[in-house]
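Down below is the structure, laid out as structure tokens.
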2 protein chains.
Amino acid sequence: MHLSAQEEYGLRCLVQVARRCGEGPVGIAEVADAEGLSPDYTAKLLRVLRQGELLTSTRGAAGGYVLARPATAISVWQALEILGGPLFSESLCNSHAGLKADCVHMGDCSMRSMWTWLGDAVRAALSAISLSDLLTSEGVMSQRLQLVPLPTARVQS
Amino acid sequence: MHLSAQEEYGLRCLVQVARRCGEGPVGIAEVADAEGLSPDYTAKLLRVLRQGELLTSTRGAAGGYVLARPATAISVWQALEILGGPLFSESLCNSHAGLKADCVHMGDCSMRSMWTWLGDAVRAALSAISLSDLLTSEGVMSQRLQLVPLPTARVQS
DNA sequence: CGGAAACTGTACTAATATGTCAAGATTAAC
DNA sequence: GTTAATCTTGACATATTAGTACAGTTTCCG
């Protein structure tokens with residue numbers, strides 16, 4: 001269970017645009033420089049975010065990207081969904097059927113409950129964090145998150 | 001943020017062994033058949049689990065695998081850690097430095113707080129679910145998990 | 001206009017993950 | 001002992017993901 005490169009870098013690029021909100025369109029070169037990525041790769045990531053309707057672009061000289069909505073109205077979850085898809089969905093069952101046409105557990109699968117539950121939990125957690133929340137320092141962010149109790153799930157046996 | 005094939009299939013193979021606990025060593029062919037995977041691939045997955053010390057094997061005729069510990073003493077998290085590594089660790093920063101030697105956010109990174117927090121939450125949640133919990137039906141599992149409140153994180157702005 | 005700045009699209013190469021294969025090693029049973 | 005069943009290992013082929021390259025299009029500005 002890993003973050004993909006596109007999710008990690010894509011989110012960082014999105015935050016860079018958010019950080020410059022109100023200063024006019026942000027150029028690819030500017031974001032690339034701020035993140036230490038190649039302009040070509042940065043262009044690709046910003047393109048994905050634009051196609052996902054999280055950014056809008058203006059072309060031509062002095063062009064660039066701006067957020068499609070206020071930073072408070074874009075959640076980390078929305079960004080991740082566009083950059084890498086959901087943690088768990090019914091497609092996991094379809095794509096992990098092994099050699100068979102359908103997964104052997106299609107009828108009844110205790111793991112499916114677990115993944116669905118975990119996916120819901122992660123989605124809920126990351127939906128509550130907006131891009132604007134990330135425009136702070138690590139210390140402040142850490143403190144804010146500490147105010148939230150961790151999900152100490154305990155299965156009732 | 002996806003489950004890797006090794007995590008998904010590996011966990012399923014581990015559960016198959018757990019399910020046959022007490023019936024003597026479980027063969028690769030038996031697990032492969034139960035999961036609809038090729039014997040070769042199944043062998044690879046069981047190997048990883050053995051190297052991670054979740055299974056022990058006996059070689060030769062009538063050989064096979066058994067759990068290294070009782071099913072109640074193996075958590076889903078432990079299995080996932082062996083099969084695919086952690087969701088987030090310091091290595092994410094090192095491996096996502098872009099073109100630079102170090103990540104440009106090495107000093108201060110609000111996202112690092114977030115990933116650490118999420119990683120801790122997922123670890124806590126999956127550490128509380130044991131292999132024996134998965135030896136039930138989807139309906140029962142679903143009900144049990146419903147008793148657990150989802151982590152409805154809310155960042156205090 | 002004409003040229004420079006800047007995004008767009010597609011194709012390509014490189015790295016990683018997925019899954020297969022074959023030869024080797026160990027044990028039970030006869 | 002010999003044989004057959006069974007795990008072990010490392011190398012390999014394939015698929016997916018990561019990242020690069022470059023020619024094309026749009027807009028600003030003189």
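Chain letters run A, B, ... following the sequence lines, proteins first and then strands; every chain starts at 1. We use all heavy atoms of the structure for the numbers below, so side chains are in, but hydrogens, waters and symmetry mates are not.
- To the nearest angstrom, C1' of C:dT26 lies 13 Å from OH of B:Tyr65.
- Only at 4.0 angstrom or more do the heavy atoms of residues 80-92 of chain B sit from any atom of DNA chain C, so none qualifies.
- If you check the side chains of A:Glu35 and B:His105, you find a donor sitting under 3.5 Å from an acceptor.
- Within the 3.5 Å criterion, the main-chain N or O of B:Ser130 finds a donor-acceptor partner in the side chain of B:Asp133.
- The structure places CG of A:Leu126 at 5.5 Å from CE of B:Met1, a figure rounded to the nearest 0.5 Å.
- For the pair B:Glu7 CD and C:dG19 P, the computed distance is 13 Å after rounding to whole Å.
- Spacing between atom CG of B:Leu55 and atom P of D:dC7 amounts to 12 Å, rounded to whole angstrom units.
- Protein atom CD of A:Gln6 is 17 Å distant from nucleotide atom P of C:dT16, rounded to whole Å.
- Between the side chain of A:Glu81 and the backbone N or O of A:Pro86 there is no donor-acceptor pair closer than 3.5 Å.
- Under 4.0 Å is where a charged nitrogen must lie from a carboxylate oxygen, and between B:Arg69 and B:Glu53 no such pair does.
- Here the SG-CE distance, from A:Cys109 to A:Met111, works out to 5.0 Å after rounding to the nearest 0.5 Å.
- Nucleotide C:dG9 holds its P atom 13 Å from the CG atom of A:Leu46, rounded to whole Å.
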In the 5'-to-3' direction, what one-character label does each nucleotide of nucleotides 20-30 of chain D receive under the scheme B = base within less than 4.0 Å of a protein heavy atom, S = sugar-phosphate only, - = no such atom?
-> BBB-BBBBS--
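- Salt bridge annotation for A:Glu90-A:Arg112: present, with a cationic side-chain nitrogen under 4.0 angstrom from a carboxylate oxygen.
- In this structure, B:His2 atom NE2 and C:dT16 atom C1' are separated by 15 Å, rounded to whole Å.
- Per the geometry, CD belonging to B:Glu8 stands 18 Å off P belonging to C:dA17, to the nearest Å.
- Less than 4.0 Å separates DNA chain C from no heavy atom of any residue of residues 23-34 of chain B.
- Side-chain atoms of B:Trp115 and A:Glu8 include a donor-acceptor pair closer than 3.5 Å.
- Hydrophobic clustering keeps A:Leu45 apart from A:Ile74 (ILVMFWY residues linked when any side-chain heavy atoms are closer than 4.5 Å, directly or through intermediates).
- What separates OH of B:Tyr9 from P of C:dA17 is a distance of 17 Å, to the nearest Å.
- A:Arg20 and A:Gln16 are linked by a side-chain donor-acceptor pair at a separation below 3.5 angstrom, with hydrogens and angles left out of the test.
- The backbone N or O of B:Leu49 sits nowhere less than 3.5 Å from a side-chain atom of B:Tyr65 that would complete a donor-acceptor pair.
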